[in-house]
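One structure follows; several queries about it will come next.
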Amino acid sequence: MPTILGQNQYGKAENRVVKITRDGATHHIKDLNVSVALSGDMEEVHYSGSNANVLPTDTTKNTVYAFAKEYGIESAEQFGIHLARHFVTSQEPIQQARIRIEEYAWERIEASDANSQFIGSDEVKHSFVRKGQETRVTQITYDGEKWEVVSGLKDLVVMNSTNSEFWGYVKDKYTTLQEAYDRILATQVSGRWRFNWTDDEQRMPNWEKSYEQTKKHMLQAFAETYSLSLQQTLYQMGSRIINNRSEIDEVRFSLPNKHHFLVDLEPFGLKNDNEVYFAADRPYGLIEATILRDGCEPKIPVDLTNL
C-alpha cells in the first residue's frame, strides 16, 4: 500500500542555557531551557536519507548558546524571536521554526547587614536563590511572514481556604460526594495566553511587563472570586486577563482540582470545625477551558496545557 510523508519536524530539544549579565558588581541571571523544532523541505531526508537540506541539530544547539552571547536574553520571548527568525531566513529549506522555552526564575539572597565580618549586604549582588513558585513558558512560531507567540506558566500552586462552595450538581446512583458550602479550593495552574502581535509592522509587546501583569490579574481574579465551581473561577481568571491586557486575545487554562478532604476526628472525641484536612494528590478533577476576546478564533492547541 503506498505511503506519503505527513507532518514532520526536527531540532535539538532542551538546550539548557544560563546567561549571566555582569553590570559591575551587580549580576543578573536568565536561566532557560530552549527547544528548537524546524520544518520545511525535508521530504528527501525521509525518503532517501539525503541530508542535503538538513541543518544538523548540533548546529541548532550551538546557535542557542552563540545567540545568548551575541544578543543577550532580554526575555524568553525576545530570545525565541531572534532564534526563529534566524533559522527561517538563513536556511532556504527551513520554512517554519518553532521555539519552545521554559524559564526558571531566580531572586537575590538578602545578605546580613554591612557590619558582617565577611561581606556586607551592600556588596553582595551576585547571590541568588531559585524561585519555586512557577515555571514561565513561551512558544514562538515563525514561517517567514507571520509570528505566533503563546506564553504562559505551569506548576503555580494556589489555594483559597474559604469562599468556595460546590453543590447543586447532578446526582445518580454512583454519587457519594457530599455537597459543600465552605471548602478549600486549590489548584496547580497551567496556563497559556496568545498575543495578537503577529508581524514585524506591529508594535512589539513589552514581554517582561506583560508577563508580570498577566500573572497579577490572574492571581487577583483567583483570590477575589467567590467560587461556586472551579469552572467559574477559571473563567474569571481568563476574563480578567483579556479585559486588562490588550495585547492578549486568547487564554487557555488546565486546572487540576487539588482536593482537600476533612478528616473524621470523631473517633478521637474531637470536632473538626473545618480545620484539619487530608490533601489528596490523585485522582483529581481536571478542569480545562479557553477564554477568548470577542470576535477572535481559538488557536492555542487544546493539548498544550493539559497533563
Check: Any luck finding a side-chain donor-acceptor pair between Thr138 and Ser151 under 3.5 Å?
Finding: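 Yes, a side-chain donor-acceptor pair sits under 3.5 Å.
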Next item on the list: Indicate whether any N or O donor in one side chain lies under 3.5 Å from an N or O acceptor in the other, for Thr233 and Thr225.
Entry: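 Judged by distance alone, the side chains do not pair up.
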Item checked: Close aromatic pair by centroid cut-off 6.0 Å: Phe195 and Trp147 ->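 No.
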Notebook entry, point to check: Under a 4.0 Å N-O cut-off, is there an ion pair linking Lys30 with Glu74?
Noted result: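 Answer for the salt bridge query: no.
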Next item on the list: Scan side-chain atoms only and decide if Lys12 and Thr57 contain a donor-acceptor pair under the 3.5 Å cut-off.
Entry: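 Yes - a donor-acceptor pair under 3.5 Å links their side chains.
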Item checked: Polar side-chain atom of Asp23 near backbone of Thr26 as donor-acceptor pair, under 3.5 Å ->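 Checked: no pair found.
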Notebook entry, point to check: Is it true that Arg240 and Glu224 make a salt bridge, defined as a side-chain N closer than 4.0 Å to a carboxylate O?
Noted result: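 Salt bridge: yes.
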Check: Any ion pair linking Arg85 and Asp200 (charged N to carboxylate O, less than 4.0 Å)?
Finding: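 Salt bridge between Asp200 and Arg85, a charged N being under 4.0 Å from a carboxylate O: yes.
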Margin query: When you measure from the centre of the six-membered ring of Tyr104, is the NZ or CZ of Arg136 closer than 6.0 Å and no more than 45° off the axis?
Written below: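 Judged by the rule, Arg136 and Tyr104 form no cation-pi pair.
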Next item on the list: Go through the side-chain N and O atoms of Asp155 and Gln188 and say whether any donor and acceptor fall under 3.5 Å apart.
Entry: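 Asp155 vs Gln188: donor-acceptor pair found between side chains.
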Notebook entry, point to check: Would you say the side-chain atoms of Thr214 and Arg245 include a donor-acceptor pair closer than 3.5 Å?
Noted result: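 No - no donor-acceptor pair under 3.5 Å links their side chains.
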Next item on the list: Say whether Thr59 and Asn62, considering side chains only, have a donor N or O and an acceptor N or O under 3.5 Å apart.
Entry: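 No, because no side-chain N or O of Thr59 sits under 3.5 Å from a partner of the opposite role on Asn62.
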Notebook entry, point to check: Is it true that Asp31 and Lys19 have a side-chain N and a carboxylate O under 4.0 angstrom from each other?
Noted result: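 The answer is no: the pair does not qualify as a salt bridge.
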Check: Looking just at side-chain N and O atoms, do Arg183 and Ser164 make a donor-acceptor pair shorter than 3.5 Å?
Finding: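 Looking only at side-chain atoms, Ser164 and Arg183 do form a donor-acceptor pair, the distance falling under 3.5 Å.
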Checklist line | Trp167 and Tyr181 aromatic ring geometry - parallel, tilted or perpendicular at 30°/60° bounds | finding: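 Ring orientation, 0 to 90° scale: parallel.
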Checklist line | Donor-acceptor contact present, side-chain Glu250 to main-chain Lys299, <3.5 Å | finding: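 At least one qualifying donor-acceptor pair exists.
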Notebook entry, point to check: Can you tell me how far the CE atom of Met42 sits from the CG atom of Asn8, to the nearest 0.5 Å?
Noted result: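 Answer for the CE-CG pair, Met42 versus Asn8, is 8.0 Å.
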Note to self: Testing the 3.5 Å rule here: is there a donor-acceptor pair between the side chains of Gln78 and Tyr71?
What the structure shows: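 No - no donor-acceptor pair under 3.5 Å links their side chains.
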Check: Going by atom types alone, do Glu14 and Ser35 pair a side-chain donor with an acceptor below 3.5 Å?
Finding: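 Distance-only check fails for Glu14 and Ser35.
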Checklist line | Ring centres under 6.0 angstrom apart (His260, Phe278) | finding: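 Ring centroids of His260 and Phe278 are no less than 6.0 Å from each other.
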Margin query: Quiz question: by atom type and distance under 3.5 Å, do the side chains of Ser254 and Glu288 form a donor-acceptor pair?
Written below: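 Short answer, yes.
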Check: Looking only at atom types and distance, does a side-chain atom of Glu212 sit under 3.5 Å from a main-chain N or O of Glu208, one as donor and one as acceptor?
Finding: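 Checking the backbone N and O of Glu208 against the side chain of Glu212, no donor-acceptor pair under 3.5 Å is found.
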Notebook entry, point to check: With no hydrogens and no angle check, do the side chains of Gln96 and Asp143 hold a donor and an acceptor under 3.5 Å apart?
Noted result: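 Note: Gln96 and Asp143 side chains miss the donor-acceptor criterion.
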Next item on the list: Flag this pair as yes if the NZ/CZ of Lys171 is under 6.0 angstrom from the six-membered ring centre of Tyr169 and inside a 45 degree cone about the axis; otherwise no.
Entry: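 Judged by the rule (NZ or CZ under 6.0 Å from the ring centre, within 45° of its axis), Lys171 counts as positioned above Tyr169.
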